[in-house]
**Q** 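Sharing a structure here in structure tokens format.
Just follow the structure's listing: the first ligand is 1, and inside any ligand the first atom is 1. All values below were derived from every heavy atom in this structure, side-chain atoms included, with hydrogens, water molecules and symmetry-related copies excluded. Bear in mind the structure is a predicted one, so any value in this text is a computation, not a measurement.
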Amino acid sequence: MRRVSVFGATGSIGVATIELLQSQGGAEAFGIVALTGGRNTDLLARQARALKAEVAVTAHEECLEDLRAALAGSGIEAAAGPAALAEAADRPADWTMSAIVGAAGLVPGFRALAHGTTLALANKESLVTAGPLLLAEAAKHGARILPVDSEHSGIFQALVGEDMAAVERIVITASGGAFRDWPMERLAQATVAEASTHPNWAMGQRITIDSASMFNKALEVIETREFFGIDPDRIEVLVHPESLVHALVGFADGALMAHLGPPDMRHAIGYALNWPARAQLPVARLDLAQIGRLSFSAPDPERYPALRLAREVMAAGGLAGAAFNAAKEAALDAFIAGRVGFTEMAAVVEDTLERLAGEGGLGIPLADLDNVVEMDRLARIRAGEVIAARSGR
Ligand code: NAD
Ligand code: MG
């Protein structure tokens with residue numbers, strides 16, 4: 001029986017993962033080790049009971065009593081806090097889903113690699129902040145990382161049986177987000193509610209806002225560079241409003257292999273769950289005759305400064321990815337809290353990176369996770385200063 005853990009089980013990716021595990025046999029087919037969540041302890045407890053998990057972990061110490069109460073009589077252990085999350089990752093599992101949002105997902109995913117098994121990686125922030133460390137850790141233990149971002153799963157699938165040496169370029173698509181067709185002047189006024197609605201995908205709030213600002217695509221360009229080891233100048237972004245072509249791989253002979261599918265993360269999750277086999281999955285089948293046409297355009301650099309910042313971050317290397325992600329998370333928090341406007345998020349990130357570069361140390365090579373965690377902390381402090389200066393508070 002395959003032993004499985006799901007980090008971030010109560011989120012958008014987590015819930016879809018639990019649903020797939022249930023549709024593929026649930027507790028009879030999988031030995032569920034750890035499920036983790038945040039404040040939604042009722043949902044976490046229901047998932048843990050349904051799948052007969054060994055342990056359920058909430059990220060927040062103050063939620064432990066609620067979780068315990070919700071698990072009463074089930075025999076399932078309850079735990080709380082970042083250390084408990086890391087300990088849960090130390091419990092051996094054959095397949096671990098990393099679907100916590102943000103840099104908080106880095107340590108549990110990293111620790112799970114020590115089992116030398118499979119890490120299904122939705123948490124793109126892990127690769128953005130600590131890509132080389134993650135890949136080295138996987139290699140050290142003979143573990144496999146399978147991408148669970150729709151674009152990266154698509155690239156991975158287009159590369160089956162291919163030689164990376166023959167890859168000329170990788171193209172990832174972007175819907176253009178909620179404000180694709182808005183006039184530029186209106187963007188500064190965009191509200192949190194408006195930014196939290198995606199035209200095609202149903203996702204967690206943070207990644208949805210990041211899609212509107214294109215920070216999500218910026219992270220994904222870095223994710224592509226880290227995961228596939230391809231030069232930044234061979235990675236392209238294409239605006240594709242229909243979100244049906246997820247990625248394309250261009251080869252030396254001019255062939256361009258595209259991955260198509262409906263905007264439904266159950267495909268990428270299910271592919272990682274069943275890899276290298278393919279299982280029947282509950283996703284809609286595309287009817288291209290009915291869809292009729294697909295459209296593509298180049299992203300407007302003025303509308304989406306996040307894409308330029310991603311290029312600068314890749315050029316800097318080292319700890320720049322950790323700084324970029326942390327500054328982005330802080331800017332997003334500030335936008336959600338109403339402290340900065342929508343278009344100010346990119347300015348906050350850029351100013352934060354400039355300050356950190358001025359202090360030296362952005363391009364320092366990654367030595368270990370402690371460096372990354374320290375840069376994450378420092379970048380959030382600097383971003384906080386930039387935000388305070390801008391918002392006059
Ligand atoms: P979400 O906000 O819906 O869920 C996040 C999960 O992480 C929840 O279980 C939450 O309780 C937990 N969590 C939040 N903060 C935490 C913390 N500080 N410590 C521990 N746990 C915490 O997010 P999501 O949309 O499911 O995205 C999860 C990850 O997958 C992100 O990295 C995102 O970029 C990536 N991803 C998501 C999608 C999607 O369709 N939702 C697609 C591609 C990639
Ligand atoms: Mg994606």
**Q** Under the rule for side chain to side chain contact (heavy atoms under 4.5 Å, CB included), what residues qualify as partners of S213, not counting sequence neighbours?
**A** D210, F215, F342, M345
**Q** Residue-level breakdown please: for D210 versus ligand 1, do any non-hydrogen atoms fall below 4.0 Å on the side chain, on the backbone, on both, or on neither?
**A** neither
**Q** Can you tell which of G102, G11, A122, G38 gets a heavy atom nearest to atom 11 (O) of ligand 1?
**A** G38
**Q** Within the side chain of R303, is there an N or O that forms a donor-acceptor pair under 3.5 Å with the backbone of W182?
**A** yes
**Q** For residues T173 and E151, is any side-chain donor paired with an opposing acceptor at under 3.5 Å?
**A** no
**Q** Excluding waters, which protein N, O or S atoms are within less than 2.8 Å of the Mg ion (ligand 2)?
**A** D149 OD1, E151 OE1, E220 OE2
**Q** Among protein heavy atoms, which lies nearest atom 14 (C) of ligand 1, and at what distance?
**A** V101 CG1, 3.7 Å
**Q** Can you tell me which residue and heavy atom of the protein come closest to atom 36 (N) of ligand 1, and the distance to 0.1 Å?
**A** I207 CD1, 3.7 Å
**Q** Could you tell me whether D376 and R380 have a side-chain N and a carboxylate O separated by less than 4.0 Å?
**A** yes
**Q** Looking at ligand 1, would E125 count as a contact under a 4.0 Å heavy-atom criterion?
**A** yes
**Q** Kindly say whether A89 contributes a backbone atom to a donor-acceptor pair with the side chain of H115 at under 3.5 angstrom?
**A** yes
**Q** For R355, is there an ion pair with E359 - N to carboxylate O distance below 4.0 angstrom?
**A** no
**Q** When you measure from the side chain of T36 to the backbone of F7, do you find a donor-acceptor pair of N or O atoms at a distance under 3.5 Å?
**A** no
**Q** Just let me know how T10 lines up against ligand 1, side chain, backbone, both or neither, with a heavy-atom cut-off below 4.0 Å.
**A** both
**Q** Using a 3.5 Å cut-off on N or O atoms only, is I13 in polar contact with ligand 1?
**A** yes
**Q** Can you sort out the partners of E302 under salt bridge (Lys or Arg N to Asp or Glu O under 4.0 Å), two or more places apart, ordered by chain and number?
**A** none
**Q** Are D333 and R206 close enough for a salt bridge, meaning some N to O gap below 4.0 Å?
**A** yes
**Q** Ion pair present between R111 and E87, side-chain N to carboxylate O less than 4.0 angstrom?
**A** no
**Q** Quick check on contacts: which atoms of ligand 1 are under 4.0 angstrom from a heavy atom of A99?
**A** 5 (C), 6 (C), 7 (O), 28 (C)
**Q** For G8, take its heavy atoms, then give the atoms of ligand 1 lying under 4.0 Å from any of them.
**A** 6 (C), 7 (O), 9 (O)
**Q** Starting from atom 34 (O) of ligand 1, what is the nearest protein heavy atom, named by residue and atom, and what distance separates them?
**A** K124 CE, 3.1 Å
**Q** Is the shortest N/O to N/O distance between N216 and ligand 1 below 3.5 Å?
**A** no
**Q** Which residue and atom name correspond to the protein heavy atom nearest atom 43 (C) of ligand 1, and how close is it?
**A** D149 OD1, 3.1 Å
**Q** Please report the C-alpha distance between Y304 and K217 in whole Å, then the side-chain angles of each, then the deciding distance to 0.1 Å, and finally whether the side chain to side chain contact (heavy atoms under 4.5 Å, CB included) criterion is met.
**A** CA-CA 10 Å; Y304 302 119; K217 211 51 54 180; over 6 Å; no
**Q** Without swapping roles, check the side chain of S175 against the backbone of P241 for a donor-acceptor pair under 3.5 Å.
**A** no
**Q** Which protein heavy atom lies closest to atom 3 (O) of ligand 1, and at what distance to 0.1 Å?
**A** S12 N, 2.8 Å
**Q** Output side-chain donor-acceptor pairs under 3.5 Å for residues 9-33, partner residues at least two apart or in another chain, one line each.
**A**
| residue | atom | partner | partner atom | Å |
| --- | --- | --- | --- | --- |
| T17 | OG1 | I13 | O | 2.7 |
| E19 | OE2 | R266 | NH1 | 2.9 |
| S23 | OG | L20 | O | 3.0 |

**Q** Short list, please: which atoms of ligand 1 are under 4.0 Å from a heavy atom of A59?
**A** 19 (N), 20 (C), 21 (N)
**Q** Between the side chain of H240 and the main-chain N/O of V245, is any donor-acceptor distance below 3.5 Å?
**A** yes
**Q** Would you mind listing which atoms of ligand 1 come within a distance below 4.0 Å of any non-hydrogen atom of G204?
**A** 3 (O), 25 (O), 41 (N)
**Q** Considering only heavy atoms of M203, which atoms of ligand 1 have at least one such atom less than 4.0 Å away?
**A** 39 (C), 40 (O), 41 (N)
**Q** At a 4.0 Å threshold, what atoms of ligand 1 neighbour a non-hydrogen atom of L85?
**A** 20 (C)
**Q** Given P108, P82, A104, A103, which one has a non-hydrogen atom that is nearest to atom 18 (N) of ligand 1?
**A** A104
**Q** Salt-bridge test for R91 and E77: reply yes if a basic N is under 4.0 Å from a carboxylate O, no otherwise.
**A** yes
**Q** Ignoring hydrogens, just give me the one of V6, I100, L43 whose non-hydrogen atom is nearest atom 21 (N) of ligand 1.
**A** I100
**Q** I'd like to check which ligand 1 atoms, numbered from 1 as shown, lie under 4.0 Å from a non-hydrogen atom of N123.
**A** 32 (O)
**Q** Suppose we call two aromatic rings close when their centres sit under 6.0 Å apart. Are W201 and H267 close by that rule?
**A** no
